[in-house]
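Every chain is numbered from 1 and lettered A, B, ... according to where its sequence line falls, protein lines coming before strand lines.
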There are 2 protein chains.
Amino acid sequence: MATRTRRSQRRTQALSRERIVEAAVELLDTAGESGLTFRALTERLATGPGAIYWHVANKEELLGAATDAVVAAAVAIGPSAATATTSPAAPATPPAEEAGAAGSAQDGVRLVALGLFDAIVRHPWLATQLATQLSRNPWGTVTPRIFESIGRRVSALDVPESSWFTVTSALVHYILGAAGQNAVNKAGARTLAPGVDRAEFLDTVSTAWEELDPDEYPFTRAVAEQIRGHDDREQFLAGVDLVLAGVTATHHR
Amino acid sequence: MATRTRRSQRRTQALSRERIVEAAVELLDTAGESGLTFRALTERLATGPGAIYWHVANKEELLGAATDAVVAAAVAIGPSAATATTSPAAPATPPAEEAGAAGSAQDGVRLVALGLFDAIVRHPWLATQLATQLSRNPWGTVTPRIFESIGRRVSALDVPESSWFTVTSALVHYILGAAGQNAVNKAGARTLAPGVDRAEFLDTVSTAWEELDPDEYPFTRAVAEQIRGHDDREQFLAGVDLVLAGVTATHHR
DNA sequence: TCCAGACTGGAACGTTGTTCCAGAAAAGAA
DNA sequence: TTCTTTTCTGGAACAACGTTCCAGTCTGGA
């Protein structure tokens, strides 16, 4: 009987690669990186391993597909568009394009950067996964996707074409590095109470840094206080602006 | 008999946390991330799991210790000092300090950055591990170590103290992001023949990018050619200079 | 109606991180 | 010396994981 119900359900919403990836993302979001196992996946999808392996080669490919799906939504939409994180693909011309005319290509960069930042905040597992993905196979779909999204805005900047690659690389590297590290704050405070847990977390780190050896860590102790009240997004944007300032200072004059 | 030899050897060079971490680093270097298993570790150290677990809590802590050891050597020595990557700890005042007088605090930043870059090139597993380590527990020893090393140079720059944290964060994030991604090139060409394999690798990526959809990826296709002949270290340094230029443009005047 | 191919899921395999514990080796106490 | 305690070891075993195998179901077309 249970089989009958499951079977009819199976053909109603048949198992597809998209449904598997979607379930994988949900599992990663709710249970963390270690929560995504084929056992949990089969249970959630009410199926067996063979069915999944028919659509997906192995776990690495599944993680890649999940990463790609989330990144695609992030670079297409921009920041704070919370829903539909696993939509299949980005339209050729992202909506974020609407943001700027001529001079505000910088705003475009900021927008895409914030989109990725927010995506990592929403999906903390992205931080590690992006590092793995980008360094293991740069010929995959995720690297070009990010590169294209940032690079398009860079080319609208006042930068000679010979420097496009360098400038875009620098921006992408900063964005991924910063977003990756900052993701932890929200990851630690996974549960509700966004403000409280977060302040508590920063407080813990700050006091831990203040108790370091004064001889070995004078600087870290000196700035430990600054970490206490800082806003992640603001700080992240300040970094983007720093790089952008460097770009205009170096190239535009 | 073999037991007798092993036993006397055991007390001669007893199993210690340092020896375990050292073996772990060697295993990671030679066999990659997946090569570090407790089975391989017990075999290499001629011991059992219990002995290792007496000194190390679990694999995560072992990976953290390995990362910390390599990072400590990297930020202390600076670039291209290939030997003794697992030396215990950095002296309070790193030798890299010798490099600069007043104005060349920028060179200090460059030196530390290159030190980390080279470390990741020598130990490709560092890329993923740093991302994991930094995002999972920023209160660990590795984050303050990097932060201190960069931050000390930043404070020697002409930057108001209120911006120390922001500037240092931006630099660290770029360095880790860039070094992490660039590590792949050497990782792919693990074997000998440094120049040939590398050119071949870049060629593969370049052609792959050139074959992307012209409508969806115009920018990536446009810069695909630039990737072919580029030098990683040079490009990495160009990014550091970009950030440094942004710092002076923003703060110093 | 039947068939070929798409698709499924239960059972099982090898490997992994980790635990358990009887006992050896070193250090003090007598 | 001899006994006792603490530090430290390593073989055996466990649960969980990714993955494979394959007998079988389902579905669209002939």
Side-chain angles (χ1 to χ4, degrees), chain A residues 1-24 27-28 30-67 125 128-129 132-133 136, chain B residues 1-24 27-28 30-67 125 128-129 132-133 136:
Chain A
M1 191 163 71
T3 309
R4 199 81 213 93
T5 318
R6 201 197 283 163
R7 282 295 147 76
S8 58
Q9 188 181 1
R10 202 212 302 170
R11 284 304 162 194
T12 311
Q13 47 176 344
L15 196 55
S16 65
R17 190 186 158 97
E18 290 170 23
R19 247 170 53 80
I20 294 176
V21 171
E22 185 181 353
L27 224 43
L28 284 166
T30 57
E33 307 190 52
S34 62
L36 176 62
T37 72
F38 275 75
R39 301 274 201 289
L41 210 51
T42 56
E43 193 173 349
R44 191 183 188 91
L45 294 170
T47 178
I52 297 178
Y53 275 95
W54 177 261
H55 295 279
V56 166
N58 48 35
K59 190 174 184 179
E60 194 175 325
E61 187 188 302
L62 178 59
L63 278 169
T67 304
W125 49 272
T128 309
Q129 210 48 44
T132 310
Q133 221 66 36
R136 265 215 257 279
Chain B
M1 189 162 71
T3 310
R4 197 84 212 91
T5 319
R6 201 198 284 165
R7 282 295 145 78
S8 58
Q9 188 184 2
R10 201 212 305 170
R11 286 304 165 194
T12 311
Q13 46 175 345
L15 195 56
S16 65
R17 191 186 157 96
E18 291 169 23
R19 249 172 50 80
I20 294 176
V21 171
E22 185 182 352
L27 223 43
L28 284 166
T30 57
E33 307 190 54
S34 62
L36 176 62
T37 73
F38 274 76
R39 300 276 201 282
L41 210 52
T42 55
E43 193 173 349
R44 191 184 188 90
L45 294 170
T47 179
I52 296 177
Y53 274 96
W54 177 262
H55 296 279
V56 166
N58 48 35
K59 190 174 185 181
E60 192 175 326
E61 187 187 302
L62 178 59
L63 278 168
T67 304
W125 48 273
T128 309
Q129 210 47 44
T132 310
Q133 220 65 36
R136 263 215 258 280

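- At D:dC8, one or more side-chain N or O atoms of B:Trp54 fall inside 4.0 Å of OP1 or OP2 (strictly under the cut-off).
- The side chain of B:His55 sits closest to D:dT9 out of D:dT9, D:dC17, C:dA6.
- Checked against D:dC17, C:dT8, C:dG17, the side chain of B:Lys59 finds its nearest nucleotide in C:dG17.
- Looking at heavy atoms from C-beta onward, B:Thr67 lies out of side-chain contact with B:Thr132 at the 4.5 angstrom threshold.
- For CD of B:Glu60, the number of neighbouring non-hydrogen atoms (other residues, nucleotides, ligands) closer than 6.0 Å is 12 at most.
- The distance from atom CD of A:Glu33 to atom P of D:dG18 is 13 Å, rounded to the nearest whole Å.
- Nucleic acid contact for B:Leu36: sugar-phosphate only, since backbone atoms but no base atoms lie under 4.0 Å from a heavy atom of the residue.
- Rounded to whole Å, the distance from CD on B:Glu61 to C1' on C:dT18 is 14 Å.
- Here the nucleotide nearest the side chain of B:Asn58, chosen from C:dT18, D:dT20, C:dT8, is C:dT18.
- For A:Pro49, the side-chain atoms get nearest to D:dT20 when compared with the rest of D:dT9, C:dT18, D:dT20.
- Atom pair B:Ile52:CD1 and C:dC20:C1' shows a separation of 16 Å (rounding to whole Å applied).
- Of all heavy-atom pairs between A:Ala40 and A:Gly35, the closest is CB-O, 3.9 Å.
- Across the protein-nucleic acid pair, B:Tyr53 atom OH and D:dA12 atom P stand 18 Å apart, rounded to whole Å.
- The distance from atom CG of A:Leu62 to atom C1' of D:dC17 is 14 Å, rounded to the nearest whole Å.
- Residues B:Arg44 and B:Glu22 are not paired through a salt bridge, judged by the lack of any N-O separation under 4.0 Å between the basic side chain and the carboxylate.
- Between the P atom of D:dG18 and the CG atom of A:Leu41 lies a distance of 10 Å, rounded to the nearest Å.
- Going from atom CZ of A:Phe38 over to atom P of D:dT19 covers 5 Å, rounded to whole Å.
- As a whole-Å value, the separation of A:Arg39 CZ from C:dA12 C1' is 10 Å.
- Going from atom OG1 of B:Thr128 over to atom CD of B:Glu33 covers 4.5 Å, rounded to the nearest 0.5 Å.
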